[in-house]
Amino acid sequence: MMNLINQLLFAVLISSVTSTFLLLVWWMLRGFFMLVDPKMIYTSLRWICLLYMLPIGYVAVIFAYRVWFQGQDKVWMLVFSRTEDITSGLHVISVIWFIIALVLLIYRWIDNKVWCRKFRDNIEVERKYDPDIVDTYEMVCDVLEIPKEKLSLQKNVLIDMPMIVGIRHPQVILPERDYTKEELEIIFFHELSHFKHKDLQCKILVVVVLMFHVFNPFCYVLLGIVNLWSEFMADASALEMSGQLHDAKLYFNKIVDLVPDHKKTIREKFLFSTLYKDDNTLSRRIDFMKKYQRARKAGKAVTAALTAAFVLMSTTTIFASGKTVADLHNFIYQSTEGQTKENEKLVVTDDGYVEHYCDVEDLNFEDLQEVSTLDQDIVTIDSGVHYNIDWIVNPNTRHVSGPYKVKNGETICAAVVVEPIDKVYWLGIMDHEGHARYVETTGSAAHDFKITETKNYRVFVQNNYKDGKTKLNAKGYFLYE
């Protein structure tokens, strides 16, 4: 029994390391996936969740042992015997880990049993009493191509948020209150999108991952990421299928009205999904929808090919190296070239940056402020002029330099260090005709913008955070030569 627990811990440790490495790769590539097809981001994330529970690395070790012990009897016993030597000093750790995982399993089970007692008071929604609700529900089911008999529609006086619950017997549950037809459509499109995406099954999988990988802090991060992306994709599907993708503002305003202000989110409950809101998450959902609206999805063949490539790489994560990651970066960049909208293109420059070409108006998010101050001329040299950058860039603000005429064939060199070093910012140039080029990065950056047309150019640093408190301190210089 002890050796079996040791073996299980051994398998979990290997899976935890390799899958966490893959999660970090996904985190680096999620912006690139957005260029191909936003839905690919969530698909690949769910695949990573599954890999945490698939002992691929452990199976590789087993096969290695089979080679070493080839021709001998009872090969599986030999495997256990050999690994017992390795884990002989870890019996106590193995038992502690096993007990914690078991306690978490029991806690989650009891916690959801207690919460789900509220559902005993459900009342089925009937057409003769609520014809508008039933008609709207059936209409949404038809649009999403979900058989109506697969889910039941219920009301409950003990809840104050619409939700979808259950795996074997899924239910859409409404609070006992009056709704407009518009509100019902938003609720049903959102909640049934969760059902169509099988988000509840995914949440259960992540909670099970967290039980087994309780020692891995990245798994707690994974739980939050999956919850957030399930909302992203439910929002996107709800707006797409309802034909209201162009009116996301109304959609989110309705969500704000539907959820009580005092209500804390209960998205950690893994047997149901609800409409919920908090300032930070709602802001990120709105930002995602803006990007989603602007994204031009690649063809199904390209998306399928890239997804298959990611899955293939995932199954061999244990053998992955830095070169593999670099090759995937390059492959995705090449595959996505030409997939962006017509007035925007991407160029991978010699220094490894992805240079974005777009119109200045594409940089102007809602309520974005533009600030310009007098440039400090450090020194004039034969090849150009060197200017100092010492800017405090407020949230949702673009700080720009003065305009300078730069000739065809010259280069604008910009180098900055931005604090906090973990915050994302845009460093770029714009011309007087409304065209812009920029790189997205964090911390320190140095980039040469090669000029192909003689125009007046300005250098800028843009802070896209909208939380009202994330200020960026940019220090450095720029010169043109």
Side-chain angles (χ1 to χ4, degrees), residues 37-43 45-47 49-50 116 119 122-156 159 161-175 179-206 226-245 247-248 250-252 254-255 258-259 267 269-276 285 288-289 292 297 300 303-304 307:
D37 192 334
K39 295 176 183 177
M40 183 181 172
I41 305 176
Y42 191 39
T43 301
L45 178 62
R46 290 160 68 123
W47 171 246
C49 296
L50 184 60
C116 289
F119 302 145
N122 286 357
I123 302 172
E124 186 172 356
V125 178
E126 299 183 35
R127 184 182 296 277
K128 62 181 178 180
Y129 299 118
D130 298 292
D132 293 339
I133 295 178
V134 175
D135 288 343
T136 305
Y137 174 74
E138 292 183 351
M139 180 274 292
V140 173
C141 284
D142 290 338
V143 172
L144 294 176
E145 298 180 346
I146 297 175
K148 292 179 284 293
E149 60 273 11
K150 280 195 173 184
L151 299 97
S152 62
L153 183 59
Q154 310 277 335
K155 279 188 177 181
N156 192 304
I159 65 172
M161 289 186 297
M163 62 179 63
I164 183 169
V165 305
I167 301 298
R168 289 184 302 172
H169 305 290
Q171 301 173 337
V172 176
I173 306 177
L174 298 174
Y179 295 97
T180 66
K181 187 175 187 300
E182 195 173 51
E183 289 173 336
L184 287 171
E185 288 183 359
I186 288 175
I187 291 170
F188 291 144
F189 271 112
H190 184 92
E191 298 306 331
L192 291 176
S193 291
H194 280 304
F195 175 78
K196 192 174 181 68
H197 298 161
K198 300 188 184 316
D199 287 335
L200 292 182
Q201 290 88 330
C202 184
K203 290 176 73 172
I204 289 177
L205 175 62
V206 177
V226 169
N227 279 322
L228 184 62
W229 275 93
S230 70
E231 294 302 323
F232 282 169
M233 298 318 300
D235 291 336
S237 292
L239 286 167
E240 263 189 335
M241 299 305 292
S242 64
Q244 298 298 317
L245 191 60
D247 203 0
L250 175 63
Y251 171 83
F252 286 108
K254 287 295 182 182
I255 287 180
L258 286 168
V259 181
R267 63 186 184 277
K269 306 298 182 184
F270 61 92
L271 286 181
F272 50 87
S273 290
T274 72
L275 285 176
Y276 72 91
R285 288 165 67 181
F288 171 80
M289 282 309 307
Y292 188 87
K297 301 181 208 42
K300 291 183 179 180
T303 301
T307 304

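In this chain, numbering begins with 1 at the start of the sequence shown. All values below come from the heavy atoms of this structure, side chains included, with hydrogens, waters and symmetry mates left out.
Residues Leu192 and Leu151 have side chains in contact (heavy-atom distance under 4.5 Å, counting atoms from C-beta outward). When side chains are defined from C-beta on, Met139 counts as touching Val143, because their heavy atoms get closer than 4.5 Å. The shortest distance between side-chain heavy atoms of Tyr179 and Ile187 falls below 4.5 Å.
Residues meeting the side chain to side chain donor-acceptor pair (under 3.5 Å) test with Lys150, sequence neighbours left out: none. Under the side chain to side chain donor-acceptor pair (under 3.5 Å) criterion, Ser237 pairs with His197, sequence neighbours left out. By the ring-ring contact (aromatic ring centres under 6.0 Å, His included) test, Phe188 is found to be paired with Tyr137, residues two or more places apart in sequence or in another chain being considered.
Pairing each heavy atom of Arg285 with each of Phe232, the nearest pair is CA-CE2, 3.4 Å. The two residues Ala234 and Tyr251 have their closest heavy-atom pair at O-OH, 4.4 Å. What you find for Val226 and Cys49 is that their closest heavy atoms are CG2-SG, 3.6 Å.
Interatomic distance, CD of Glu126 versus CG of Leu153, reported as 11.0 Å (0.5 Å rounding). Taking CZ of Arg127 as the reference point, atom CG of Asp132 lies at 10.0 Å (rounded to 0.5 Å). Residue Met233 holds its CE atom at 11.5 Å from CG of Leu45, rounded to the nearest 0.5 Å. Rounding to the nearest 0.5 Å gives a distance of 8.5 Å between CG of Leu184 and NZ of Lys181. Between atom CG of residue Leu205 and atom CG of residue Leu200 there is a gap of 12.5 Å, rounded to the nearest 0.5 Å. The structure places CG of Asp142 at 4.0 Å from NZ of Lys148, a figure rounded to the nearest 0.5 Å.
Of the candidates Ile164, Ile123, Val125, Ile159, Ile173 forms a side-chain contact (heavy atoms from CB on, under 4.5 Å) with just one, namely Ile159. For the side chain to side chain donor-acceptor pair (under 3.5 Å) criterion with His194, the lone passing option out of Glu191, Lys196, Lys198, His190 is His190.
Gln154 places a side-chain N or O within 3.5 Å of a backbone atom of Glu124 that can act as its donor or acceptor partner.
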